[in-house]
Number of protein chains: 2
Amino acid sequence: MAKNDHSYDTLKLKNQVCFPLYACSKELVRQYTPYLKELNLTYTQYIVMMVLWERETVSSRELAECLHLDYGTLTPVLKRLDQAGYLTRERAENDERLLTLKLTEGGRKLKDKAAEIPSAIAECMGLTMEEFGVLYTLTYKALKNMEERQ
Amino acid sequence: MAKNDHSYDTLKLKNQVCFPLYACSKELVRQYTPYLKELNLTYTQYIVMMVLWERETVSSRELAECLHLDYGTLTPVLKRLDQAGYLTRERAENDERLLTLKLTEGGRKLKDKAAEIPSAIAECMGLTMEEFGVLYTLTYKALKNMEERQ
DNA sequence: CGCAATTTACTTGTGCACAATTATATTAAA
DNA sequence: TTTAATATAATTGTGCACAAGTAAATTGCG
């Protein structure tokens, strides 16, 4: 055997933190699905709407940055949300490159319907308040560390 | 306003644990990409190979279960790994429905090349050993709780 | 036994997700 | 001011990811 046993142990699925993180993230999106279906949204569309519910207006570039999504993903998502009547896409007057997104009345109405979702999802996960806090802190810490490597 | 301020606060991106989990998972897969490119694997293909490196043989059904993937995802992934020569797909003799996957010599060779990946990724995340442990425990706990709701 | 229910896997369709490329507008530098 | 560099966004191509529907083998019940 070329390597010692220890170096292979790290390749076992049960010794990897990456896998439960990946699986948990997918499972979470799956739990959202039935709730979001009532709003005719996917999870990705939902997080875009969350930004707009909070800010009313946002540039495409800022959105891409805060959601960690590139334009290859964002462009078609924004097109669908525009077609659904939840937001508008306009070019900035002073700079034709910039795309400005604005919440519409239709999009604003969704916010009421969505208000009960976070607590429902939290219940699905079944963690204590303290555990949620720890999970939040650690995922953001790892995210920040990985960002800095780009 | 139909709802009180508090119920809307939960809809803010920065108050959601789901979002950093989702973003962290994607960022992790992105960090894997350059390492896995040298092995000609995607992340999903990599976790399939991890199971085979550990077990040599596994049924398609068991694989789907332990990776939390359905056949719609798994079938094409397994086809590509078969074409790449990393595994074989055979029907079980006693039950023609069952698909048995077996690691090939070519697939086994990849294991050596992959041995250094876990520590490289761990370094990217920049967490302490203790933090890794906590993250592992919490994500598996949430995963288990969500599974039980199906 | 004969047939309904179940299990396993595949197929189809939709929507991310991202790398790589392209297009256009703006800014900066020579 | 012309041109090179940069910034913003769209496009293209590949590969997940999953719901819904289909197909075939097996099991179990009458």
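Everything numeric here is computed off the predicted structure, so don't read it as measured data. Chain A is the first sequence line, chain B the second, and so forth, proteins listed ahead of strands; every chain is numbered from 1.
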Practice task
Run the ring-centre check on B:F132 versus B:Y136 and record whether the distance is less than 6.0 Å.
Solution key: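 No - the distance between ring centres of B:F132 and B:Y136 does not fall below the 6.0 Å cut-off.
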Exercise for the section: Compare side-chain N and O positions of A:R30 against OP1 and OP2 of D:dA17 and report whether any pair is under 4.0 Å apart. Expected result: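 No, because none of the side-chain N or O atoms of A:R30 sits under 4.0 Å from OP1 or OP2 of D:dA17.
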Practice task
Remember a base hit wins even if backbone is also touched, and classify A:D95 as base, sugar-phosphate or nothing at under 4.0 Å, heavy atoms.
Solution key: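 Sugar-phosphate: the residue A:D95, judged by heavy atoms under 4.0 Å, touches backbone atoms but no base.
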Handout entry: Whole angstrom value for the distance that separates P of C:dA9 from CZ of B:R61
Key =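 Value for this atom pair: 8 Å.
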Exercise for the section: Check every strand shown and say whether B:V77 touches a base, only sugar-phosphate, or nothing at a heavy-atom separation below 4.0 Å. Expected result: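 Sugar-phosphate, no base atom in range.
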Handout entry: Nearest heavy-atom neighbours spanning B:Q45 and B:V77
Key =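 It is CG-CG1, 3.9 Å.
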Problem - For atom CD of A:E90 and atom C1' of D:dT8, their distance in whole Å - result: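 Rounded to the whole Å, the gap is 17 Å.
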Exercise for the section: Name the orientation class of the two ring planes belonging to A:W53 and A:Y46 (parallel below 30°, tilted from 30 to 60°, perpendicular beyond 60°). Expected result: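 Perpendicular, since the angle between the ring planes exceeds 60°.
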Practice task
Find which nucleotide of DNA chain C each of A:L69 and B:L78 is nearest to by heavy atoms, and output the residue with the more 5' nucleotide.
Solution key: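 First, find each residue's nearest nucleotide; the 5'-ward one identifies B:L78.
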Practice task
Remember a base hit wins even if backbone is also touched, and classify A:T73 as base, sugar-phosphate or nothing at under 4.0 Å, heavy atoms.
Solution key: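 Base, at least one base heavy atom under 4.0 Å.
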Exercise for the section: Examine C:dC10: is either OP1 or OP2 under 4.0 Å from a nitrogen or oxygen in the side chain of B:R91? Give yes or no. Expected result: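 So the side-chain polar atoms of B:R91 do come within 4.0 Å of the phosphate oxygens OP1 or OP2 of C:dC10, strictly under.
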Exercise for the section: Identify whether the distance between the nearest side-chain nitrogen and carboxylate oxygen of B:K113 and B:E38 falls below 4.0 Å. Expected result: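 Between B:E38 and B:K113 there is no salt bridge, as every charged N stays at least 4.0 Å from the carboxylate O atoms.
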Practice task
Give a yes or no on whether a donor-acceptor pair under 3.5 Å exists between the nucleobase atoms of D:dT26, that is its base, and the side chain of B:R97.
Solution key: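 Looking at the base of D:dT26, it does not pair with any donor or acceptor on the side chain of B:R97 (distance under 3.5 Å).
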Exercise for the section: Give a yes/no answer on whether the side chain of A:Y22 brings an N or O atom under 4.0 Å of OP1 or OP2 in D:dA17. Expected result: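 Affirmative; the distance criterion is met.
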Problem - Residue whose closest nucleotide on DNA chain D lies nearer the 5' end, A:T33 versus A:R89 - result: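 Residue closer to the 5' terminus by nearest nucleotide: A:R89.
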Practice task
Calculate the interatomic distance between A:D70 atom CG and C:dT21 atom P; express it in whole Å.
Solution key: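 Result: 15 Å.
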Practice task
Under 4.0 Å between any heavy atoms, over every strand shown, what does A:L74 touch: base, sugar-phosphate, or nothing? Just pick one.
Solution key: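 No contact.
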